Amino acid sequence: MPVDKHVGETLRRSDKQLYEIIESIFPTAPSSAGYHRGLPEALAHTDAEVYRLIEAEHNRLQNTLQLIAAENQCSRAVLAALGSVVQNKTTEGFVGSRFHGGCEVVDSLETLAVTRAKAAFGAKYANVQPHSGTGANQIVLTAILESGDRILSLAMDQGGHVSHGAGVAFAGRFFEVEQYRVDPKSFLLDYEAIRQQALRFRPKLIICGASAYSRTIDFAAYRRIADEVGAYLMADISHISGLIAAGVHPSPVDDAHFTTTSTYKPGGPRGGLILMGRDFDAPIQAGGRSMPLWERIEKTTFPGFQGTPYLNNIAAKAVFFREMLSAEYKARQFRIVENARSLAKAFDRLGYDILTGGTDNHMFCINVGRFREGLTGAIAQHCLEECGIIVNMNRLPYDPHSPRVTSGMRLGTPIVTKNGMGPMQMEAIAGLVDAVLTKVEPTGGREYRLDDRLRLETKCQVQDLCARFPMV
Ligand SMILES: *Cc1c(COP(=O)(O)O)cnc(C)c1O
């Protein structure tokens, strides 16, 4: 950067003391280019403590198996956009009606993110501003409901999400929520039972979508129920939005009035997204006048719910939505499902009880309590973690255990697939998990004994496997 170099040189001559202070902060060059580039080095120099912890997290991710179904691994390009100077821009409102000057560049970024999101999901409207998946849900609820209005949603212990109406959270506190359950034998969604419940309860909003459901969701069936009872339908596709964008799972974008998702689960930056299809400009009465649904969503996003948009996240979302449109991304979504099926089959052959018998998506749950007497989800999670295998305990439908103990373990394949693993490695992973779960000695709901040698051996095998599939 000749200009920056020149400025630096002038400063060095005119004010040596100031120059040295700036140089100590930006050792590469006391220039705006030094501010803009070389970010990790800048951090290493100015805050070794945090830098070391970030390095430690990188080592942990590289040397352990990431099997949490809610996690993914974004690209370097997404990371770069997240850690960019765009973070410094403050504004409010949407493109075309901002409340601060200097928005020409971020307007282009947000427009690009919106255009790409619409293309990736075949949507008529996209709102890229929600700070999270939970925030996206809260915006939709706030936009169309008055406090005390009725919501029908899948219960959390049945695979639903806490933001769909659990008593401890926003939706559960300010609305009247009734929850539906999966069939107690098959653990599948029972659309006729949901219909009967909707006919009786008369909700203003029906929520579908889940955090722990391994089978295809029939969004069209939900819409028929919503239409029959005169309710809005919101589809929360946080877990499966990548599969939907790739065509591996049917899309709700035209069936639901609102489709929401977190953006990190399909492999982008943290954040939320609201999509609308054919109902995007259906009228709604709000504040004494009629407006299209999309406008109501924007007015609720700001000033109704959030303050400033996280424009660096929006830049990163733009990068990610372009990735979603690539052949590589689409092909990977198919491999994620193939790997989940291989992993489930391998566990099935080893005698494990897979909920619903298998999977149509990226994840599945195992009832570990039925594999061995005394084994719980908490024990499975903790003893596997000691061996470098990262999973999460999960409450299963009709689970006799508390949320801190649970009978279930949830496994997902997005990250191992991103790093290039295939069906053969899924067999190996099931073998490693099985070696630990057959030997661990439960001594309570969350307590156990694990042989030191087994722990060390498994940890080494996990490291070897991970070393062959470095993070990409
Ligand atoms: C993870 C998840 C969310 C929450 O997304 P955050 O960005 O973590 O707030 C919402 N809904 C469902 C179904 C999820 O699985």
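First listed ligand is number 1; within each ligand, the first listed atom is number 1. Just so you know, these numbers come straight off a predicted model, no measurement behind them.
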State the atoms of ligand 1, each with its element, that fall below the 4.0 Å cut-off from a heavy-atom position in [X].
X	answer
Ser211	12 (C), 13 (C), 14 (C), 15 (O)
Thr134	4 (C), 5 (O), 6 (P), 9 (O)
His239	15 (O)
Ser132	7 (O), 9 (O)
Ala210	13 (C)
Ser262	5 (O), 7 (O)
Asp236	10 (C), 11 (N), 12 (C), 13 (C)

Parallel under 30°, tilted from 30 to 60°, perpendicular over 60°: which one fits the rings of [X] and [Y]?
X	Y	result
Tyr352	Phe371	parallel
Phe321	Phe121	perpendicular
Tyr191	Tyr222	perpendicular

Among side-chain atoms of [X] and [Y], is any donor-acceptor pair under 3.5 angstrom?
X	Y	value
Ser163	Asn137	yes
Asn127	Thr301	yes
Gln196	Glu192	yes
Ser214	Thr356	yes

Shortest protein contact, [atom] (heavy atom only):
atom	value
atom 3 (C) of ligand 1	His161 NE2, 3.2 Å
atom 2 (C) of ligand 1	Lys265 NZ, 2.2 Å
atom 8 (O) of ligand 1	Tyr264 OH, 2.7 Å

- prompt: For ligand 1, is there an N or O atom under 3.5 Å from any N or O atom of Ser163?
  reply: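 No, Ser163 has no N/O under 3.5 Å of an N/O on ligand 1.
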
query: Is the shortest N/O to N/O distance between Gly133 and ligand 1 below 3.5 Å?
result: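 Min N/O separation from ligand 1 is below 3.5 Å for Gly133.
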
query: In Å and rounded to the nearest 0.5 Å, what is the CZ to CG distance from Arg98 to Asp107?
result: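 Reported value, rounded in 0.5 Å steps: 4.5 Å.
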
query: Does atom CZ of Arg270 have more than 12 heavy-atom neighbours from other groups under 6.0 Å away?
result: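 No, not enclosed.
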
- prompt: Which bit of Ala70 is near ligand 1, meaning a heavy atom under 4.0 Å away: side chain, backbone, both or neither?
  reply: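 Answer for Ala70: neither.
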
